[in-house]
Protein chains: 2
Amino acid sequence: MALTQTLDRKGQIQAAAQNLFRERGFAATSMRDLAKAVGIEPASLYSHITSKESILREICFHMADQFFEQLDQIDGQANPAEQLKQAIIGHISVIRKNYDASAVFLHEWRFLEEPNLGRFKSLRRDYEQRFRAILEAGQAAGQFRQMNMKIVLPTLFSSMNWAYEHVKPATLLPPEEVGETIWRLFVQGLEHK
Amino acid sequence: MALTQTLDRKGQIQAAAQNLFRERGFAATSMRDLAKAVGIEPASLYSHITSKESILREICFHMADQFFEQLDQIDGQANPAEQLKQAIIGHISVIRKNYDASAVFLHEWRFLEEPNLGRFKSLRRDYEQRFRAILEAGQAAGQFRQMNMKIVLPTLFSSMNWAYEHVKPATLLPPEEVGETIWRLFVQGLEHK
DNA sequence: TAATTTAGCTAACGAACGTTAGGTAAGTTA
DNA sequence: TAACTTACCTAACGTTCGTTAGCTAAATTA
């Protein structure tokens, strides 16, 4: 990440780890790679962290916190379509603000060890349920058509999560534009009315 | 995959590798893990393959072949919306027929070494262009609304590619149903007309 | 049947892995 | 100033990594 010089050592390690874990994956990144990126000896990392997995753990759970915080800012009075729009834009904004960390959150969580792995999966399930509730409210209110939620829900998440895996230029599209386009695609479809 | 007993050794190695690379990732799967899954000694693998990367290479390019074959079966006379439907269902069918291998294709290709990595990326770009051409034909014909293709195209691919990463029950939904639901979502949207 | 190939084995190579032990020199606190 | 803490170092630990060398016994071919 940028502005590394303003971070303390712990922060530098986390930032470098986010970047390396994103680019090469957790398993293919060695502690020696990480130490080199930070500019210290491998053994010195252990003055600041307790294990390789602990770095991954902090990245994953910190991202989870941010996704939940964003959900809490949705207008509870708005109609389902409007709530969905806010949730989509919020989700994408969190990804965009944490380019490296969100890729790690999305792809590398499986290298968490128990009990963290179980806790993580549980949080993820809760988060998905919040989106499901919005979609079902839309159906109950007659605003959304009846569709198989087992398909629509993962499709929505896949659509929101693509942002991290593309090259920088594409990801520089403003989150509001990406979010609104995906939302319009989902609500109105490609076809002219 | 099932029916291992009907495969020759090379085929068994490929099937086991597809499964392990999907479940743990390429980097976190050792040749000793692979040998154990096949039931032979690690060194014996090298009677059938030339390197760990060569296994990955065969998986990735074999999947690429299948995706392109599927595209060639689309009805060139049909209108863009119909062509899109066929392309989506075809893409998802290929994934479904190759549950493990498609996950490897989608996630582990970055561990290819040059020049295979470059060749792979190029094939991928070509494949995406074929979908883009269908969408743009729909816009040119006035059937699809004008939307930012830099967003719509990756959204479409993300939507099609989720199938592999979910637990078995969800993936047992028939490809036609998944494909048609995603297609309807894209063309008509969630909202009632 | 003799010669060759195939498919596996044991053993081991050098390199890289995550991590720990133990020390040093500078900065901080009592 | 003396005691302690912090942030790093060098050195090395035991393990695992992908892969090779060299062998054997069975299957195949001449």
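Order of the sequence lines fixes the chain letters, A, B, ..., with proteins taken first and strands second; residue numbering starts at 1 for each chain. Quick note: numbers below take in every heavy atom, side chains included, and nothing from hydrogens, waters or symmetry partners.
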Discussion item. Side chains of A:Q86 and A:E82 only: does a donor on one sit below 3.5 Å from an acceptor on the other?
Written reply: yes
Practice prompt. Indicate whether any N or O donor in one side chain lies under 3.5 Å from an N or O acceptor in the other, for B:N161 and B:S158.
Written response: no
Candidates [options] - which lies nearest the side chain of [X]:
| X | options | result |
| --- | --- | --- |
| A:S44 | D:dG18, D:dC9, C:dT19 | D:dC9 |
| A:S47 | C:dC9, C:dT20, D:dA7 | D:dA7 |
| B:K52 | D:dG18, C:dA21, C:dA11 | D:dG18 |
| B:A43 | C:dT20, C:dA12, C:dA11 | C:dA11 |

Rounded distance in Å - [atom1] ([X]) to [atom2] ([N]):
| X | N | atom1 | atom2 | result |
| --- | --- | --- | --- | --- |
| A:K36 | D:dC8 | NZ | P | 18 Å |
| A:L34 | C:dA16 | CG | P | 17 Å |
| A:I49 | C:dG18 | CD1 | C1' | 10 Å |
| A:M31 | C:dA15 | CE | P | 23 Å |
| A:I40 | D:dA7 | CD1 | P | 11 Å |
| B:E41 | D:dT24 | CD | P | 17 Å |
| B:I13 | C:dT6 | CD1 | P | 15 Å |
| B:Y46 | D:dT19 | OH | P | 3 Å |

Does [N] have its OP1 or OP2 closer than 4.0 Å to a side-chain nitrogen or oxygen of [X]?
| X | N | answer |
| --- | --- | --- |
| B:S30 | D:dC17 | yes |
| B:H48 | C:dT6 | no |
| B:R9 | C:dG8 | yes |

Discussion item. So that I can tick it off, tell me whether A:D72 and A:R130 are bridged by a salt bridge, with the cut-off set at under 4.0 angstrom between side-chain N and carboxylate O.
Written reply: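 A salt bridge links A:R130 with A:D72.
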Worksheet item: If you look at every strand shown and take non-hydrogen atoms under 4.0 Å, does B:T50 touch a base, only sugar-phosphate, or nothing?
Response: nothing
Worksheet item: Regarding A:R119 and the six-membered ring of A:F61, is the cationic atom NZ or CZ under 6.0 Å from the ring centre and inside 45° of its axis?
Response: yes
Practice prompt. Report the C-alpha distance between A:F120 and A:F105 in whole Å, list the side-chain angles of each, state the deciding distance to 0.1 Å, and finish with yes or no for ring pair (Phe, Tyr, Trp, His ring centres under 6.0 Å).
Written response: CA-CA 10 Å; A:F120 181 87; A:F105 170 89; 5.3 Å; yes
